[in-house]
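Input: a single structure, listed below in structure tokens.
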Amino acid sequence: MNVIWYDTLDSTNSEALRHLQDFPGGTVLVAREQTAGRGQRGNTWFSEPGKNLTFSIVLKFGQDGVPDLAAKDVMWLTYLTSYTLALFLRSFGVGCDIKWPNDIYVQKHKICGMLIENTLKGENLDAAVIGIGLNINQREFPQLAMATSLVRCYGKETDLETCLQKFLRIFEEEFPLIFDERERAALFRGYSHQLYGKDRNCRYYDCLRDKEYWGILQGVEPDGRLCIWDLESEGKPMRYYWFKEVSFVL
Ligand code: BTN
């Protein structure tokens, strides 16, 4: 992979999307500082300059030996990235959970978030920009009470460049799995196994019904929906959600 370091960018995702034609697949843009880091749901991604990894991986499909990926299979990028981040953290002895669909938590604290943005070519993906904010050496999170970092979990500061290389090695190794039916099953098992709240009683907020309830997360359906057993239901107990239709009450 071709890694480009920038001192300052507004957002590595925005820069990658602005110049998508110029960046070959496999380019990685890393910023020591982002002035307008973007998170999920239009949120801002805060990260202390020089302390964490904020980067975007540019992927291109159907060229340079990379197979096509159907737009309907886009969630495999989520499973792949979440799973490889979990493997990366585990290499430091840090266990984590994946809060569906793609937040990485250590106990009740978020250590990593991702923002995946795509462009389409007919029914296939043309390109994907996988933006990752991975907290490494930041110790205090004044804006975010529920955030954590590798240094807080692992106990030692780690070099950002070494961390990035280590993560990218794992990512590159696992990437081909998403194009193979049998390998997908193994990847999906790895992802599902680490889902936050799996097989445990947890509190959920159902955005569609504007209601909190106790439920047990069963897993993710083949179509990507989250499946929760509603412990308070008087009718059908199984509930299925698309992204943004349900949230965890932490
Ligand atoms: C989230 O959990 O809300 C997603 C956060 C994604 C942040 C990363 S940092 C690198 C890349 N550039 C951005 O502007 N956002 C992503």
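Counting begins at 1 with the first residue of the sequence. Ligands are counted one by one from 1 in listed order, and the atoms in each one are counted from 1 as well. Every heavy atom of this structure was used, including side-chain atoms; hydrogens, water molecules and symmetry mates were not.
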Numbering as shown, the atoms of ligand 1 that approach [X] to under 4.0 Å (heavy-atom distance):
X     : result
Ser11 : 12 (N), 13 (C), 14 (O)
Gln40 : 1 (C), 2 (O), 3 (O), 4 (C)
Gly39 : 1 (C), 3 (O), 4 (C), 5 (C)
Gly37 : 14 (O)
Arg38 : 5 (C), 6 (C), 7 (C), 13 (C), 14 (O), 15 (N), 16 (C)
Thr12 : 10 (C), 11 (C), 12 (N)

Applying side chain to side chain contact (heavy atoms under 4.5 Å, CB included) between Phe171 and each of Val28, Leu80, Leu85, report the one that passes. Leu80
Between [X] and [Y] (salt bridge meaning N to carboxylate O under 4.0 Å), is one present in this structure?
X      : Y      : value
Asp7   : Arg32  : yes
Asp180 : Arg182 : no
Lys108 : Asp97  : no

Could you tell me if any non-hydrogen atom of Asp103 lies under 4.0 Å from any atom of ligand 1? yes
Can you tell me if Lys110 has a non-hydrogen atom under 4.0 Å from ligand 1? yes
Centroid-centroid under 6.0 Å between Tyr83 and Tyr191 rings: no
Distance only, no hydrogens: is a donor on one side chain within 3.5 Å (strictly under) of an acceptor on the other, for Ser47 and Asn52? yes
Looking only at side chains, do Asn13 and Ser56 share a donor and an acceptor under 3.5 Å apart? yes
For atom 5 (C) of ligand 1, grab the closest protein heavy atom and report residue, atom and distance to one decimal in Å. Trp45 CE3, 3.3 Å
Heavy atom to atom 9 (S) of ligand 1, shortest distance: which of Met114, Glu15, Gln34 holds it? Gln34
